[in-house]
Engineer: 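Quick one: the structure is below, questions incoming.
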There are 2 protein chains.
Amino acid sequence: MTRENDAANALDFEPVLNYRVSEAIYEQIRNKIINGELKPNDRLPSERKLIEIFRRSRPTIREALRMLESAGLIEIIPGSGGAVVQEISAATVTQPLGNMILLKRIRLLELYEFRIINETAYVQWTAERRTEGDIKKMQNILKQMHTLKGDWETLLRYDSEFHKTIAECSRNEMAKIIYNVITKPVRDIMYAKMGELTLKQQEFHKNQLMADHDCILDAIINQDVDKVKELMIDHLNHFKHLIEDE
Amino acid sequence: MTRENDAANALDFEPVLNYRVSEAIYEQIRNKIINGELKPNDRLPSERKLIEIFRRSRPTIREALRMLESAGLIEIIPGSGGAVVQEISAATVTQPLGNMILLKRIRLLELYEFRIINETAYVQWTAERRTEGDIKKMQNILKQMHTLKGDWETLLRYDSEFHKTIAECSRNEMAKIIYNVITKPVRDIMYAKMGELTLKQQEFHKNQLMADHDCILDAIINQDVDKVKELMIDHLNHFKHLIEDE
DNA sequence: GTTATTAAAAATGTAAAACAAAAAAATGTA
DNA sequence: TACATTTTTTTGTTTTACATTTTTAATAAC
């Protein structure tokens, strides 16, 4: 830190940005969405009306709309007037995260390491806070899994649903968000790797998966926080090797 | 799942998208960046040249560029010809994730709970992986903090820098991202709350803050993983009440 | 009167031409 | 060579126009 920087920080100066009109328009609309003035399914004024409102040309307006769309904040349907404010989804985060993985800025092992400590926490919270309804929901998923003869794809879908339910039952909104964000890239790789294994190996993993889940749910029901933590760590470590050296 | 859906899935149909020319151009350029054909600091052709290459009008080209920019893949500097491919950074994930947190209106206590389990993990990783350089960096921050007489604002800035350094030294890219996303909303509230306290209370918290940090750094240096975990949990719990009932 | 068809209106998608502003490159001068 | 000025290039913005698609309204048929 230089002295100049300290002085600037103290005075709370900020670099002058937003010199582009389209960015300024983007900012204004974005803020109204962020602070709730514009809610999901609300319609923005049509392009022509936005021209009148902002007193700017149509290409400029359209560039702003393109940015909003790219950020996942609106969806534009031609013909039917006005862009529609979107319910923000995990995809808006999953996509750039996927980019980072593809460009090797994040190693999958780091992501998995991160997943382990997070899901361990979620399952602990769930063990503490689970309701009768939660238990029924999780039991149902496992029951369906057991009656399943099927392929890996469907099995992994149920596996994902089980973990997702745990995240939801943790009653922590951040847990849900992060779960959704992390899951996709990790699961994409795991599914691919699973296909490369022999049938015997696949069978082994399948049995392990279901046994692990059963134990975890038992511990959740018994609210055995320490045990559920250990079980989840073991469970995730069982499948860690599938994404190693990637 | 209906039978129709299953049939569609089996045939691997996908909805027809990309009807917009600007999106198709965006996709083409994005793919060249993702697969490495275009590397960071490479320059895209100028808008005029892109018009010739894609044989499309300028507004269409510009909308594609605006999308690429919005995704954090390029930066456009006026005058100096051509958009520059960006080194993809955590910011591309931080921004939409930040949007999500703001839009989901997550309760601060949930966010803080999430912060505790995450930062506890980060500090454990850091204790395991810290280098001599890491230690020096953290010692430096604490030294500056001790010589500081100042106000809460500067103190909290150093506090933030200490925690941020821990996240960075954890050598997990997700840790950095999540730290950056969580920090700001939590810290904004804490700073406001701190101002409402009496001078005596402020002094007490100030001393606690610095004592905690010293202990944590000691444990990091000694690579005492269990202890550092306890210390971080205690440290964050000391300040938890500042955001309660918010 | 109700329904189906058709035409009009409105909205987004795209194109072309023009000018402003700012940065880089080229030029000329000392 | 070093500097200042001019020219060129590039992005930012505006205006006008037309194509395409969807919605709405009007019209015709039953």
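Quick caveat, the model's predicted, so the values are computed rather than measured. Naming: A, B, ... by sequence-line order, numbering from 1 per chain.
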Engineer: Tell me the interatomic distance from I51(B), atom CD1, to dG12(D), atom C1', rounded to whole angstroms.
Structural biologist: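 After rounding, the gap between these two atoms is 13 Å.
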
Engineer: Taking 4.0 angstrom as the limit, do R107(B) and E173(A) come out as a salt bridge?
Structural biologist: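 Looking at R107(B) and E173(A), the cut-off is not met.
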
Engineer: Round to the nearest Å and state the distance from E52(B) atom CD to dT10(D) atom P.
Structural biologist: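 One finds 10 Å between P of dT10(D) and CD of E52(B), rounded.
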
Engineer: Would you kindly give the CZ-to-P distance between R20(B) and dA11(C), to the nearest whole Å?
Structural biologist: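 Answer to the nearest Å: 17 Å.
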
Engineer: Could you give me the CA-CA distance, side-chain angles and deciding distance for E113(B) and R129(A), then say whether salt bridge (Lys or Arg N to Asp or Glu O under 4.0 Å) is met?
Structural biologist: CA-CA 14 Å; E113(B) 179 181 66; R129(A) 300 164 190 175; 2.3 Å; yes

Engineer: So that I know where these two stand, are H213(B) and H146(B) an aromatic pair - ring centroids less than 6.0 Å apart?
Structural biologist: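 Between H146(B) and H213(B), which both carry aromatic rings, the centre distance is not below 6.0 Å.
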
Engineer: Answer with yes or no whether R58(B) presents, from its side chain, a donor or acceptor under 3.5 Å of a partner atom in the base of dG12(D).
Structural biologist: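 Between dG12(D) and R58(B), which were checked side chain against base, a qualifying N/O pair under 3.5 Å is present.
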
Engineer: Output yes when a side-chain donor or acceptor of R105(A) lies under 3.5 Å from a complementary backbone atom of L103(A), and no otherwise.
Structural biologist: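 Absent.
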
Engineer: Between S22(A) and dG12(D), does any side-chain N or O lie under 4.0 Å from OP1 or OP2?
Structural biologist: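 Result: no.
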
Engineer: Could you tell me how far apart R56(B) (CZ) and dA15(C) (P) are, to the nearest whole angstrom?
Structural biologist: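 My rounded result for the distance is 5 Å.
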
Engineer: Nearest-Å distance, CD1 (I76(B)) to P (dA21(C))?
Structural biologist: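 Roughly 20 Å, once rounded to whole Å.
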
Engineer: Look at the side chain of R62(B) and decide which nucleotide, out of dT14(C), dT15(D), dG12(D), has an atom nearest to it.
Structural biologist: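 My answer, after comparing the listed nucleotides, is dG12(D).
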
Engineer: Ignoring the backbone of T60(B), work out which of dT13(D), dT14(C), dG12(D) is nearest its side chain.
Structural biologist: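 Looking only at side-chain atoms, T60(B) lies closest to dT14(C).
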
Engineer: From CD of E69(A) over to C1' of dA11(C), roughly how many Å is that when rounded to an integer?
Structural biologist: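 Distance, rounded to whole Å: 15 Å.
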
Engineer: Just how far, in rounded Å, is P of dA11(C) from CD1 of I61(A)?
Structural biologist: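 To the nearest whole Å, that distance equals 14 Å.
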
Engineer: So, is S46(A) close to the dA10(C) phosphate, meaning a side-chain N or O under 4.0 Å from OP1 or OP2?
Structural biologist: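 Negative; the distance criterion is not met.
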
Engineer: Applying a 3.5 Å limit to both distances, which nucleotide forms a Watson-Crick or G-U wobble pair with dA30(C)?
Structural biologist: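 dT1(D) is the nucleotide pairing with dA30(C).
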
Engineer: Can you measure R55(A) atom CZ to dT15(D) atom P for me and round it to whole angstrom units?
Structural biologist: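 Rounding to the nearest Å, CZ of R55(A) and P of dT15(D) are 11 Å apart.
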
Engineer: Side-chain N or O of R43(B) less than 4.0 angstrom from OP1 or OP2 on dA24(C)?
Structural biologist: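 False: R43(B) side-chain N/O out of range (4.0 Å or more) of dA24(C) OP1/OP2.
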
Engineer: The side chain of P59(B) is closest to which nucleotide in this list: dA15(C), dT14(C), dT13(D)?
Structural biologist: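 Looking only at heavy atoms from C-beta outward on P59(B), the closest nucleotide is dA15(C).
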
Engineer: From dA15(C), dT10(D), dT14(D), pick the nucleotide closest to the side chain of S57(B)?
Structural biologist: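 The listed nucleotide nearest to S57(B)'s side chain is dA15(C).
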
Engineer: OP1, OP2 of dT9(D) versus side-chain N and O of K49(B): anything below 4.0 Å?
Structural biologist: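 Result: no.
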
Engineer: Please check this pair: side chain of D134(A) against backbone of T131(A), looking for a donor-acceptor N/O pair closer than 3.5 Å.
Structural biologist: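 Checking the backbone N and O of T131(A) against the side chain of D134(A), a donor-acceptor pair under 3.5 Å is found.
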
